[in-house]
2 protein chains.
Amino acid sequence: MVTRTDAPTRREQILKEAARLFAERGFHGVGVDEIGAAVGISGPGLYRHFAGKDAMLAELLVGISGQLLTGGKRRAAEADGDPEALLDSLIEGHIDFALDDRPLITLHDRELDRLRESDRKLVRQLQRQYVELWVEVVRQVYPDLAEPAARASVHAVFGLLNSTPHLSRPGALPGRAATAQLLHRLARGAFAAAGSGA
Amino acid sequence: MVTRTDAPTRREQILKEAARLFAERGFHGVGVDEIGAAVGISGPGLYRHFAGKDAMLAELLVGISGQLLTGGKRRAAEADGDPEALLDSLIEGHIDFALDDRPLITLHDRELDRLRESDRKLVRQLQRQYVELWVEVVRQVYPDLAEPAARASVHAVFGLLNSTPHLSRPGALPGRAATAQLLHRLARGAFAAAGSGA
DNA sequence: GGAAATGGTTAACGGTCATTAACTTCGGCC
DNA sequence: GGCCGAAGTTAATGACCGTTAACCATTTCC
């Protein structure tokens with residue numbers, strides 16, 4: 001885990017606020033003036049940091065997909081040889097991401113089409129690799145599961161884990177640790193059910 | 001099941017195409033001219049059938065929430081007294097909806113904020129009732145599950161069941177029946193895991 | 001100490017788009 | 001046969017919004 005102590009750069013502030021706003025009201029629903037206002041500068045000042053509104057979205061989506069894949073690969077390298085432990089580790093990592101970066105998770109599957117062809121291709125490629133990583137592990141843990149079923153199950157479990165943004169305002173939740181544990185159990189339960197009766 | 005034999009009215013055509021387009025590119029991403037073109041009339045002709053673009057979205061979202069809730073209540077009435085069977089029935093109904101009306105499912109949790117205050121309140125109220133219906137049943141089947149955990153689990157399973165739109169182009173799927181069966185098993189497995197180790 | 005880069009500002013431009021206006025077409029009905 | 005309402009049409013309007021232009025402050029560095 002790399003923890004940062006230095007202050008976030010203006011660029012990072014902008015990305016963070018843009019992510020929040022995009023997630024709340026959609027890419028087209030947010031104006032550049034709003035994004036600017038969220039970081040204390042106004043409208044066109046953003047163009048000192050980004051080529052345009054599209055560029056912000058692109059950087060966000062590529063960043064997300066990259067982080068997920070990188071984290072997944074790292075975990076795969078660490079838990080070398082133990083599929084059970086690796087599956088748990090992947091689930092844990094995805095949950096951390098979903099809980100800590102809700103806005104990004106929301107963007108991730110909502111605004112992909114707004115990207116330039118090249119960026120969209122890149123994001124999709126990263127996403128695909130991430131899914132394949134999961135599919136391989138799931139099939140090692142549950143060898144009876146056919147590949148299409150495994151892939152569908154992985155997508156479904158992503159949907160499950162990514163459901164946290166919908167959990168109303170953060171109030172009703174039983175606390176972060178308990179939520180993480182619950183999501184973990186739900187995910188493992190889903191996989192187990194798919195893998196046993198196939 | 002009420003099956004219709006008469007031709008769809010122009011109004012229904014519009015709603016259907018609008019749902020598809022909104023789901024594909026987002027509410028703000030679709031112009032009225034496009035919606036019109038999709039049903040063979042052009043642009044402002046839509047205003048003979050709807051008060052405005054917002055009105056279409058409102059009718060779609062209220063319709064979805066209403067259908068889900070109505071269907072859920074009907075199932076609750078039918079499977080009287082047998083929580084296990086009712087849970088299966090609810091899952092089955094939700095899966096049917098997710099598989100048959102993908103665009104609507106997508107809209108359902110994506111564009112709620114675009115609504116007028118009153119419509120949004122109505123939709124949320126319908127959604128809440130639907131969730132509560134599930135929560136009650138889940139807690140009857142798994143009495144050890146505390147209420148907040150049950151509610152979170154229900155939301156998570158919704159995320160799981162609603163994941164079908166993300167399953168790439170309909171090609172890779174193992175056929176509708178098999179997909180439905182797999183989703184059902186995943187959902188039951190998730191609930192079982194949450195309910196046993198609480 | 002001055003030049004240049006950096007990060008802002010406000011004002012203007014241009015395009016897109018929902019909505020309205022004004023006008024047509026046509027099928028049913030007395 | 002003439003009226004009328006329903007369902008369209010195109011053209012105009014007005015708002016919004018992303019982007020660019022032109023200009024200013026401040027820091028950095030030779």
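Note that this is a predicted model, so its numbers are computed, not measured.
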**Student:** Should B:Glu111 and B:Leu57 be marked as a side-chain contact (heavy atoms from CB on, under 4.5 Å) after you check the CA-CA gap, both sets of side-chain angles, and the distance that decides it?
**Tutor:** CA-CA 8 Å; B:Glu111 308 281 6; B:Leu57 183 63; 4.2 Å; yes

**Student:** Start with the C-alpha distance between B:Gln127 and B:Leu112, add both sets of side-chain angles, then the distance that settles side-chain contact (heavy atoms from CB on, under 4.5 Å), and finish with yes or no.
**Tutor:** CA-CA 11 Å; B:Gln127 286 181 344; B:Leu112 185 55; 4.1 Å; yes

**Student:** If you pin B:Val30 and A:Ser42 to their nearest nucleotides in DNA chain C, which one's is more 5'?
**Tutor:**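 Result: A:Ser42.
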
**Student:** Using the test salt bridge (Lys or Arg N to Asp or Glu O under 4.0 Å), find all partners of A:Asp96 that sit at least two apart in sequence or belong to another chain.
**Tutor:**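 For A:Asp96 the salt bridge (Lys or Arg N to Asp or Glu O under 4.0 Å) partners, ignoring immediate neighbours, are A:Arg176.
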
**Student:** Are side-chain N/O atoms of A:His108 and A:Asn162 paired as donor and acceptor at under 3.5 Å?
**Tutor:**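 No pair is found: no donor N or O on one side chain lies under 3.5 Å from an acceptor on the other.
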
**Student:** Look at the aromatic rings of A:Phe158 and A:Trp134 and report parallel, tilted or perpendicular, splitting at 30° and 60°.
**Tutor:**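 Rings of A:Phe158 and A:Trp134: perpendicular, over 60°.
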
**Student:** Can you pull out the residues from residues 44-60 of chain A that lie within a 4.0 Å heavy-atom distance of DNA chain C?
**Tutor:**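 Nucleic-acid contacts, sorted: A:Pro44, A:Gly45, A:Arg48, A:His49.
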
**Student:** Under a 3.5 Å distance rule, please check whether B:Asp101 uses its side chain to pair with a backbone N or O of B:Leu104 as donor and acceptor.
**Tutor:**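 Looks like no, no N/O pair under 3.5 Å.
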
**Student:** How would you give the extent of chain A contacts on DNA chain C, as first and last nucleotide 5' to 3' within a 4.0 Å heavy-atom cut-off?
**Tutor:**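 Range of nucleotides within reach of chain A: C:dG7 to C:dA11.
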
**Student:** Is a salt bridge present between A:Glu147 and A:Arg151, judged by a nitrogen-to-oxygen distance below 4.0 Å?
**Tutor:**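 Here A:Glu147 pairs with A:Arg151 in a salt bridge, since their nearest N and O are under 4.0 Å apart.
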
**Student:** Looking only at heavy atoms, which two atoms of A:Asp119 and A:Ala58 are closest? And how far apart?
**Tutor:**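 Shortest heavy-atom contact: OD2-CB, 3.5 Å.
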
**Student:** Under the ring pair (Phe, Tyr, Trp, His ring centres under 6.0 Å) rule, what pairs show up with a residue in residues 26-51 of chain A, not counting sequence neighbours?
**Tutor:**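 Counting only pairs at least two positions apart or across chains, the ring pair (Phe, Tyr, Trp, His ring centres under 6.0 Å) contacts touching residues 26-51 of chain A are A:Phe22-A:Phe27.
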
**Student:** Just jot down the salt bridge (Lys or Arg N to Asp or Glu O under 4.0 Å) partners of B:Glu136, sequence neighbours excluded, or say none.
**Tutor:**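 Salt bridge (Lys or Arg N to Asp or Glu O under 4.0 Å) list for B:Glu136, sorted by chain: empty.
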
**Student:** Report each atom pair, protein N/O against N/O of nucleotides 25-28 of chain D, whose distance is under 3.5 angstrom.
**Tutor:**
none

